[in-house]
There are 2 protein chains.
Amino acid sequence: MATGRTHRPATRSRGIPEATVARLPLYLRALTALSERSVPTVSSEELAAAAGVNSAKLRKDFSYLGSYGTRGVGYDVEYLVYQISRELGLTQDWPVAIVGIGNLGAALANYGGFASRGFRVAALIDADPAMAGTPVAGIAVQHTDDLDRIISDNGVSIGVITTPPGAAQQVCDRLVAAGVTSILNFAPTVLSVPDGVDVRKVDLSIELQILAFHEQRKAGEEAAAEGVALEDPDEEAPPMRATPANRKGPDGDMPAVMPA
Amino acid sequence: MATGRTHRPATRSRGIPEATVARLPLYLRALTALSERSVPTVSSEELAAAAGVNSAKLRKDFSYLGSYGTRGVGYDVEYLVYQISRELGLTQDWPVAIVGIGNLGAALANYGGFASRGFRVAALIDADPAMAGTPVAGIAVQHTDDLDRIISDNGVSIGVITTPPGAAQQVCDRLVAAGVTSILNFAPTVLSVPDGVDVRKVDLSIELQILAFHEQRKAGEEAAAEGVALEDPDEEAPPMRATPANRKGPDGDMPAVMPA
DNA sequence: CTATCTTTGTGCACGCGTTCACAAAGACAT
DNA sequence: ATGTCTTTGTGAACGCGTGCACAAAGATAG
């Protein structure tokens with residue numbers, strides 16, 4: 001520390017990096033596990049290993065929250081659990097509404113990981129009139145027509161969208177109009193929302209596609225390492241490229257060298 | 001462009017940025033929609049809007065793949081669909097195995113977004129003997145005991161884990177041992193895998209917690225804007241901090257100033 | 001009280017990703 | 001053929017996130 005005696009310069013003002021926020025739940029999970037085993041303190045090294053991150057990163061992350069550690073000892077588990085919970089807003093109750101009770105919506109409604117962290121499934125909403133009244137995960141499904149009232153009555157500010165892609169934007173608009181300001185979107189659609197509304201996206205298909213990319217790369221390298229004679233995989237069988245030039249016909253098959 | 005006449009310097013060598021790879025599926029989706037509407041070409045501006053990104057970013061992303069656009073016109077939709085599909089490895093068939101057929105696993109098995117992109121659910125695996133043989137999404141569930149054989153027989157290289165957290169690491173180890181090199185993990189657990197194996201994590205609870213953080217921040221700012229007299233929300237009711245000092249008893253309640 | 005040992009908190013440098021802004025490239029009209 | 005207009009492709013600057021490496025802080029023992 002170069003500035004010898006600045007007590008606490010700008011720490012904790014307003015602005016925990018987004019990357020840090022995304023890791024806090026990870027730390028919280030690891031800490032909760034330690035807490036259940038009645039472990040009193042952890043070092044940054046141990047906790048980092050449990051959370052699967054670099055210890056320096058963890059220490060820097062915690063430094064944004066304040067100086068909660070004790071040098072030479074580590075962090076007090078219970079105290080950190082409380083501090084992180086409070087920072088994340090988990091000390092209060094968050095009623096959540098799930099819209100679109102298909103396979104995925106029903107699975108989420110049954111998912112135990114929500115209730116354990118202050119999230120409460122307050123309402124299930126679906127557009128199918130036949131589903132109205134059907135209990136899913138012990139909660140009666142309600143119809144989309146009443147969406148506005150349901151959101152208001154339950155004080156829902158977080159909505160989960162598990163509808164088919166075609167309905168997602170419309171549902172989103174209605175949720176926002178009803179007062180929802182945070183949305184977790186499982187539909188494969190780009191949602192547009194007004195400023196002040198947060199959207200997080202979970203896209204199963206995209207995750208698989210990213211894995212496929214790396215998988216393909218691995219397969220290619222492996223083949224190359226085995227000395228297989230393969231042409232550049234980047235260039236295999238490019239179908240006719242329909243540029244405006246060759247689509248229109250004239251000037252279509254132009255020689256490589258421009259005739260003067 | 002300062003280097004007047006370099007035809008194609010180092011582009012396309014080996015190394016599409018990870019951030020770009022993560023966006024390619026997004027572009028692909030938007031392009032597929034355009035293709036279905038028989039739109040022949042798009043400008044970077046239009047496509048960027050459809051994908052919800054900045055147009056400069058999109059152009060830079062595409063530049064990593066090669067020069068597939070036509071200045072003054074835009075990009076040929078069909079051609080781009082093919083190029084991105086090939087780059088992502090979607091021109092081949094990817095057999096996928098889902099392990100853990102609970103609510104979520106069943107929902108994924110039924111999810112249509114997979115088949116549409118070259119992913120094929122080749123096997124469903126569960127540890128419950130009672131489930132063996134039960135058809136889910138038209139596929140008979142098989143027992144974990146046969147995991148090795150199932151993976152080998154079907155040439156599965158991508159595994160999806162939807163087990164309870166306690167079983168996730170063990171299942172992961174077995175998948176890797178059987179030859180799986182890409183894993184999509186839905187269990188709230190940090191998986192450790194050997195080098196060469198890719199893991200992507202989807203954690204519903206974490207996503208909600210991140211939303212809660214921002215939601216809390218919004219609520220706080222709103223209250224502050226309304227002029228409500230509130231103490232610093234960061235400091236509300238900190239419970240007794242169990243530092244080693246005050247946990248041990250002696251030297252517990254030390255005065256702020258060290259007695260000489 | 002002093003010395004030693006452990007672990008935090010953070011300054012610093014580096015690399016990746018994003019964005020701006022513009023020259024080059026091609027289409028299109030005349 | 002020449003000029004204008006549109007849109008790409010990318011150099012360059014900037015900002016965020018990561019990780020190293022170390023000094024300061026506190027614990028602990030003698």
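Protein chains get the first letters and strands the later ones, always in sequence-line order, with residue 1 at the start of each.
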Discussion item. Regarding B:Y75, tell me which of base, sugar-phosphate or nothing describes its non-hydrogen contacts under 4.0 Å with the strands shown.
Written reply: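 Sugar-phosphate, no base atom in range.
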Nearest-angstrom distance from the residue atom [atom1] of [X] to [atom2] of [N]:
X     : N      : atom1 : atom2 : answer
B:L58 : C:dG17 : CG    : C1'   : 15 Å
B:Y64 : C:dC16 : OH    : C1'   : 9 Å
A:K57 : C:dG15 : NZ    : C1'   : 13 Å
B:D76 : D:dT7  : CG    : P     : 16 Å
B:L47 : D:dT8  : CG    : C1'   : 13 Å
A:E18 : C:dG17 : CD    : P     : 17 Å
A:R59 : D:dA24 : CZ    : C1'   : 13 Å

Using a cut-off of strictly less than 4.0 Å, decide whether [X] has a side-chain nitrogen or oxygen near OP1 or OP2 of [N].
X     : N      : value
A:N54 : D:dG17 : no
A:S44 : C:dT8  : yes
B:R23 : C:dT18 : yes
B:K60 : D:dT10 : no

Fill in: Centroid-centroid distance, B:Y68 to B:Y75, less than 6.0 Å
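Ring-ring flag for B:Y68/B:Y75: false, centres at least 6.0 Å apart.
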Discussion item. Should the side chain of A:R71 and the base of C:dT7 be counted as holding a donor-acceptor pair, with the cut-off at 3.5 Å?
Written reply: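 No, no donor-acceptor pair under 3.5 Å.
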Fill in: Pairing of B:R29 and A:D203 as salt bridge, 4.0 angstrom limit
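Salt bridge flag = yes for A:D203 with B:R29.
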Item to complete: Please tell me if the side chains of B:T163 and B:F186 come closer than 4.5 Å, counting only heavy atoms from C-beta onward.
Response: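 Counting from C-beta outward, B:T163 and B:F186 never come under 4.5 Å.
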Discussion item. Side chains of A:T189 and A:Q169 only: does a donor on one sit below 3.5 Å from an acceptor on the other?
Written reply: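 No - no donor-acceptor pair under 3.5 Å links their side chains.
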